[in-house]
Amino acid sequence: MLTKAPRGTKDVLPSESYKWQYIEGLIREICDVYGFKEIRTPGFEHTELFLRGVGESTDIVRKEMYTFTDKGGRSITLKPEGTSPAVRAFIEHNLYAETQPTKLYYITPVYRYERPQSGRLREHHQFGVEIFGAKSASADAEVISVAMTLLKKLGLNNLELRINSVGCPVCRKNYNKVLKEFLKNNLEYLCDDCKVRYEINPLRVLDCKVESCQRITKDAPLITDYLCDDCKSHFEELQKYLDIMGYDYIIDPRIVRGLDYYTKTAFEIISKDIGAQGTVCGGGRYDGLIEECGGPSMPGVGFGMGLERLLITLEQNGIEIPKPEGVDLFIAYVGEEAKLFTFALANKLRFNGLKVERDNMDRSLKAQMKYANKLNAKFAIVIGEEEMKENKVKLKDMSVGSEVEISIDEIEQRIKNI
RNA sequence: GUGGAUAUAGUUCAGUUGGUUAGAGCGCCAGAUUGUGGCUCUGGAGGUCGUGGGUUCGAGUCCCACUAUCCACCCCA
């Protein structure tokens with residue numbers, strides 16, 4: 001127990017961390033280009049925020065939150081998703097009083113108490129973006145394009161973008177009535193889960209995977225046929241924006257997101273080759289959320305992308321993230337004096353920005369060279385009494401094995417010039 | 001929360017119908033004459049066989065519980 005990470009968590013070891021750094025770097029670059037600024041919110045919030053934000057009928061709230069009472073008697077919950085904390089901060093710091101829209105992004109761990117499996121952890125990491133204050137469908141399209149750009153730049157082009165509109169409180173209410181009417185006749189044949197869904201959120205019956213339910217809902221009325229004029233034109237507009245950017249997408253009227261706050265646009269980006277948990281990115285519009293959380297009546301749209309799932313997808317597609325380069329120079333020493341001398345030399349070169357390594361294990365010269373090879377050193381030098389006295393070293397090019405004799409002071413320039 | 005599979009060196013795995021000191025590849029360390037890596041060869045370190053019980057003269061092997069991992073459902077990123 002002591003030497004085991006808790007269930008559903010993962011260490012990112014040095015052999016993997018470069019991949020995370022690469023992806024995070026790319027995310028920051030893209031967000032910068034698109035004008036999204038980073039927001040960092042706490043790892044935990046007052047539980048009420050998520051009850052309000054995510055919604056009490058969702059599985060996340062009902063059974064997946066890491067909730068505890070702190071020593072001051074407050075109910076605290078570890079961040080299970082990124083949107084509500086961003087909304088809370090937006091309201092708390094009056095960001096709505098600034099020039100709109102507000103474009104935010106974050107890379108954050110999120111916590112959900114679930115049964116772990118492939119692509120699903122209790123602590124996972126999400127990249128998310130949010131646009132607050134813009135009701136135009138162009139904001140929806142912009143958010144989607146951020147996700148698509150990232151995926152494309154990573155070399156992923158066989159992912160599926162699926163979009164839908166789940167309507168607004170007005171037309172959804174209408175549609176729910178129609179759908180319930182439709183389902184009523186077959187209510188007794190629905191699975192037990194769907195009987196509950198019928199009452200709480202009938203939309204969810206549509207994406208049930210039980211075959212008998214699918215048969216029943218095969219000809220069910222679709223939300224897209226019952227949208228009000230506003231929602232309908234918003235959805236059509238979104239498609240125009242996606243078309244003009246040249247993105248392929250599928251209209252899937254059965255996409256229902258599991259968070260209560262979504263209105264109008266809902267979308268998913270799905271990878272077919274990472275198992276059952278294929279949704280790499282999911283998001284949509286939430287025009288009522290900011291007000292629901294105690295802020296002004298302002299629209300919002302955003303997405304969350306699971307970084308672990310993204311990494312799995314990359315691997316499944318044989319996409320390799322460039323490995324960091326090896327060290328520029330390995331300095332080997334012979335003798336006690338040189339041991340000290342090279343320590344200072346390494347320090348000086350490092351200060352000047354060279355990647356330099358040196359033995360710390362009291363290895364033999366031969367072992368030092370082996371070590372240099374293992375570190376993927378581009379160059380190596382050996383310093384002993386002779387070299388210190390004459391101020392001369394042989395700079396060895398490790399890739400070919402050739403050596404050139406230069407003075408110790410020349411090392412830095414020689415390596416930087418290559 | 002439900003169902004199924006699995007658990008042996010750092011790692012990937014082998015281990016006969018239960019039978020003495022549990023093996024291999026890769027990795028790690030050291031040598032192959034004196035101050036030079038990669039290839040090769042030789043040697044070495046490293047395991048209370050997930051944990052705890054039970055059956056047995058005897059358990060890595062059989063049984064039970066627990067824990068963890070993997071897969072699917074639920075749901076989601």
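This one's a predicted model, so the numbers in the text were calculated from it and none came from an experiment. All chains are named by letter (A, B, ...) in the order of the sequence lines, taking the proteins before the strands, and each is independently numbered beginning at 1.
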A:Tyr198 six-ring centre to A:Lys180 NZ/CZ under 6.0 Å and within 45° of normal: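 Yes; both conditions hold, so A:Lys180 lies above the ring face of A:Tyr198.
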Expressed as a whole number of angstroms, how long is the span from [X]:[atom1] to [N]:[atom2]?
X	N	atom1	atom2	answer
A:Ile269	B:A77	CD1	C1'	11 Å
A:Gln368	B:A30	CD	P	11 Å
A:Arg120	B:G1	CZ	C1'	11 Å
A:Asp59	B:C74	CG	P	11 Å
A:Glu357	B:G37	CD	C1'	16 Å
A:Arg122	B:U69	CZ	P	8 Å
A:Tyr106	B:A77	OH	P	10 Å
A:Phe303	B:A77	CZ	P	12 Å

How do A:Val280 and A:Lys63 order along RNA chain B: which one's closest nucleotide is nearer the 5' end?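 Residue closer to the 5' terminus by nearest nucleotide: A:Lys63.
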Residue met sooner reading RNA chain B from 5', once A:Tyr113 and A:Gly283 are mapped to nucleotides: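 Looking at RNA chain B, the more 5' nearest nucleotide goes with A:Tyr113.
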For RNA chain B, find the residues of residues 369-401 of chain A with a heavy-atom distance under 4.0 Å and give them by number; none if there aren't any.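 Heavy-atom contacts with RNA chain B come from A:Met369, A:Lys370, A:Asn373, A:Lys374, A:Val382, A:Glu386, A:Glu387, A:Lys396, A:Met398, A:Ser399, A:Gly401.
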If the [atom1] atom of [N] is compared with that of [M], how far apart are they to the nearest Å?
N	M	atom1	value
B:G46	B:A22	C1'	14 Å
B:G19	B:C66	C1'	29 Å
B:G52	B:A9	P	15 Å
B:G44	B:U48	C1'	23 Å
B:G54	B:U69	P	28 Å
B:C57	B:G18	C1'	12 Å

What nucleic acid atoms does [X] come within less than 4.0 Å of, heavy atoms only: base, sugar-phosphate, or nothing?
X	answer
A:Leu310	nothing
A:Gly119	base
A:Arg204	sugar-phosphate
A:Gly278	nothing
A:Glu403	base
A:Glu114	base

I want to check something: taking the side chain as every heavy atom from C-beta on, are [X] and [Y] in contact at a cut-off of under 4.5 Å?
X	Y	result
A:Met65	A:Phe50	yes
A:Arg414	A:Phe379	no
A:Leu329	A:Leu395	yes

Return yes if the base of B:G3 and the side-chain atoms of A:Arg115 contain a donor-acceptor N/O pair under 3.5 Å, otherwise no.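 Pair found.
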If the cut-off is 4.0 Å, is [X] near the phosphate of [N], judged by side-chain N/O to OP1 or OP2?
X	N	answer
A:Gln117	B:C70	no
A:Ser118	B:C71	yes
A:Arg7	B:U69	yes

Looking at [X] and [Y], does any basic side-chain N land under 4.0 Å from a carboxylate oxygen?
X	Y	result
A:Glu357	A:Arg350	yes
A:Glu29	A:Lys153	no
A:Glu38	A:Arg28	yes
A:Asp59	A:Arg112	no

For RNA chain B, produce a single dot-bracket line, 5' to 3'. Pairs: Watson-Crick or G-U wobble, both distances under 3.5 Å. Symbols: ( ) within strand, [ ] crossing, | other strand, . unpaired. (((((((..((((.....[...)))).(((((.......))))).....(((((..]....))))))))))))....
Knowing that exactly one of A:Tyr106, A:Tyr111, A:Trp20 qualifies, which makes a ring-ring contact (aromatic ring centres under 6.0 Å, His included) with A:His125?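 Result: among A:Tyr106, A:Tyr111, A:Trp20, A:Trp20 is the only option passing the ring-ring contact (aromatic ring centres under 6.0 Å, His included) with A:His125.
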From B:A68, B:A77, B:G35, pick the nucleotide closest to the side chain of A:Val334?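 Of the options given, the side chain of A:Val334 lies nearest B:G35.
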Side chain of A:His124, heavy atoms from C-beta onward: which of B:G35, B:A30, B:A77 has the nearest atom to it?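 The listed nucleotide nearest to A:His124's side chain is B:A77.
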For this output row, return yes or no: ring centroids of A:Phe341 and A:Tyr333 closer than 6.0 angstrom.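 That pair fails the under 6.0 Å test.
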By side chain to side chain donor-acceptor pair (under 3.5 Å) - contacts of A:Gln368 (at least two apart):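 A:Gln368 satisfies side chain to side chain donor-acceptor pair (under 3.5 Å) with no other residue.
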